[in-house]
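Values reported hereafter were calculated over all heavy atoms of this structure, with side chains retained and with hydrogens, waters and symmetry mates removed. Each ligand, and each atom within it, is numbered from 1 in the order the structure gives.
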Amino acid sequence: MKSIEGKDSQMVVDKLYEQMQEDNEFFFRVRLDDDAKVCCLFWRDSMMLEDYNIFGDVMVFDTTYRTNKYNLICAPFVGINNHWKNTMFACAFLGDETKESFEWVFETFKKSMRGKCPISIFTDQDAAIATAIEKIFPNSRHRLCLWHLSQNANSRFGLIKADKQFKKDFHKCLSGCITPIEFEDTWKTMITRYNLQDDSWFKRLYSLKEKWSTAFSKDFFSAGILSSQRSESTNHAIGFNASKTTSLTEFYSIFQATVHRWRREEEMDDFNCTKGIPSSDFCMSALLKHASLVYTHTLFRDFEDEFKYAMASDIENLYAEGNNFIYRVCLNGIIGSDQRVYFNKLDSIVYCECKNFNESGWLCFHCIRVLHAHSYKQIPKKYISTRWKRLAKKEVWEKYDKEKREKGEINNFTPWRLHMIRRYYNLIIKSHKLEEARKVIEESFRKASITVENIIKKEEAKH
Ligand SMILES: [Zn+2]
């Protein structure tokens, strides 16, 4: 094949087949070209399907990694978990960057995820990918990862980026403008100030403004990728430790190691969240306390920031009739922080013009200020997104189980079961060479068996 050929690809395919034997939900497809030679590979495992079901509202499709020999693209599909860390959804090797290849890979991805489409898809480039996204994910919003654009551009952007004022202006265009009008004004001022009217890179960037400025995407959930301080940390999002000499098999190993590392980290983060609630420099008011109980530690920090601003804000009632209110909430002295908030007391509906909740899944300080003014002790349920909860996975699994039971279906595939099999399996593999470790596994299994049997007996005695 012109792209994937030789021993290197045979080894990867063998490894994928091996995985297929162990994981009955493993999904693996190859695309053949006109000469019946492999030109694309796609795969995902059962955990990835499960993670996508929970965190698949936002996805980053990264095509920046190339192999040494055939200039193949290693393209991971990455999401963001409830701890605001990376989670892998799938991966593909692509022979070229044609519209047809992207269409195949997106179509295959969609099929592997049982038709579920993300709300926002972030990519590092436009053109061919954009056309493929429009066709395969017509209802998803295509967004551009600016860090890639700025990395790839041989423009003045790199040079003036060091300028503090420019950085501030640019950041405002990126995520500080609430309305398109505000964006246009800010952009125009910045372009004039730095004399960039004829710069082709900035011209192109402007033509793509709807794909990267948050002023144009407030109605689409993006997990706050561009809107918060996170945009910096999403830089080099995937962090594959690859270079120009990385081969196909090496890429596959890097991919595997990365997935393992991310999953281990997630387990640790989940564990840390169950150990206790995070502390705060603030006196824990009821609302803040509630946030600390429901959110992961990371998300609690975001909520805490909003809460801090809320407490510093002025609130003015503009309208009140029955249960309906309109407020003006403004952070003292901060331009652009002045927003209108609509509030219905009967149904606990709070809506802010800055649309932060739509975009990131947590309430903005304007809304928090209004809830606080009405002595709310808890965040209304509808404003706590499951995907940011500390028990996000557990909750989704339980809901899935319940739905199955209600439909009278036997639940023969529970994500929990697969998850635990994998965890035990990994532990067994790790321990099998050491006698002491083997004994621990055997002993814990013996103890767990007795306890589980007792629980079952007790349960049976009830009926
Ligand atoms: Zn707001």
Side-chain angles (χ1 to χ4, degrees), residues 57-58 84 119-120 141 143 171-186 212-231 280 282 285-288 290-291 294-295 298-320 323-345 347-385 387-388:
D57 39 20
V58 168
W84 233 101
I119 299 172
S120 293
R141 183 75 186 253
R143 311 286 307 269
H171 199 79
K172 191 166 180 216
C173 292
L174 183 65
S175 60
C177 300
I178 305 236
T179 62
I181 297 168
E182 196 185 351
F183 169 84
E184 298 295 344
D185 284 349
T186 317
W212 57 266
S213 171
T214 53
F216 301 91
S217 61
K218 292 273 167 195
D219 291 315
F220 281 82
F221 184 78
S222 63
I225 286 192
L226 291 176
S227 67
S228 65
Q229 66 276 30
R230 309 259 182 244
S231 62
S280 173
F282 265 81
S285 83
L287 261 181
L288 202 55
H290 184 223
V294 292
Y295 290 130
T298 320
L299 255 292
F300 172 71
R301 293 294 165 222
D302 286 304
F303 188 89
E304 193 189 27
D305 276 346
E306 297 293 338
F307 186 83
K308 193 165 67 187
Y309 292 132
M311 292 307 101
S313 298
D314 296 324
I315 182 166
E316 183 192 337
N317 182 246
L318 302 176
Y319 172 87
N323 285 306
N324 295 310
F325 300 84
I326 300 175
Y327 289 98
R328 176 175 170 232
V329 177
C330 176
L331 190 57
N332 206 2
I334 309 261
I335 306 158
S337 73
D338 192 340
Q339 295 297 328
R340 302 275 181 283
V341 181
Y342 302 85
F343 175 63
N344 178 289
K345 203 171 182 178
D347 299 318
S348 290
I349 293 168
V350 61
Y351 171 81
C352 176
E353 281 179 333
C354 83
K355 297 181 180 173
N356 187 72
F357 183 76
N358 287 354
E359 200 188 7
S360 63
W362 60 86
L363 286 176
C364 61
F365 67 86
H366 309 103
C367 291
I368 297 173
R369 183 69 187 87
V370 170
L371 292 179
H372 192 263
H374 283 265
S375 304
Y376 269 69
K377 301 274 183 282
Q378 296 208 331
I379 309 160
K381 224 175 167 185
K382 52 178 154 298
Y383 299 115
I384 306 169
S385 312
R387 64 120 52 239
W388 294 129

A correct count of protein N/O/S atoms found below 2.8 Å of the Zn ion (ligand 1) gives 4
request  = Anything under 30° is parallel, anything over 60° is perpendicular, the rest tilted; go ahead and classify Tyr295 against Phe303.
outcome  = tilted
Worksheet entry | Worked verdict on Arg141 versus Ser217 for side-chain hydrogen bond (donor to acceptor under 3.5 Å, both in side chains) | CA-CA 9 Å; Arg141 183 75 186 253; Ser217 61; 5.5 Å; no
In Val370, Leu331, Asn356, the residue satisfying side-chain contact (heavy atoms from CB on, under 4.5 Å) with Phe365 is Leu331
Show, in sequence, the C-alpha distance, side-chain angles and deciding distance for Asp338 and Arg340, and conclude whether the salt bridge (Lys or Arg N to Asp or Glu O under 4.0 Å) test is met.
CA-CA 7 Å; Asp338 192 340; Arg340 302 275 181 283; 3.8 Å; yes
- prompt: Does a sphere of radius 6.0 Å around OH in Tyr309 hold more than 12 heavy atoms from other residues, nucleotides or ligands, not counting ones at 6.0 Å or beyond?
  reply: no
- Task: Give me the ring orientation class for Tyr327 and His374: parallel if the planes are under 30° apart, tilted from 30 to 60°, perpendicular past 60°.
- Result: perpendicular
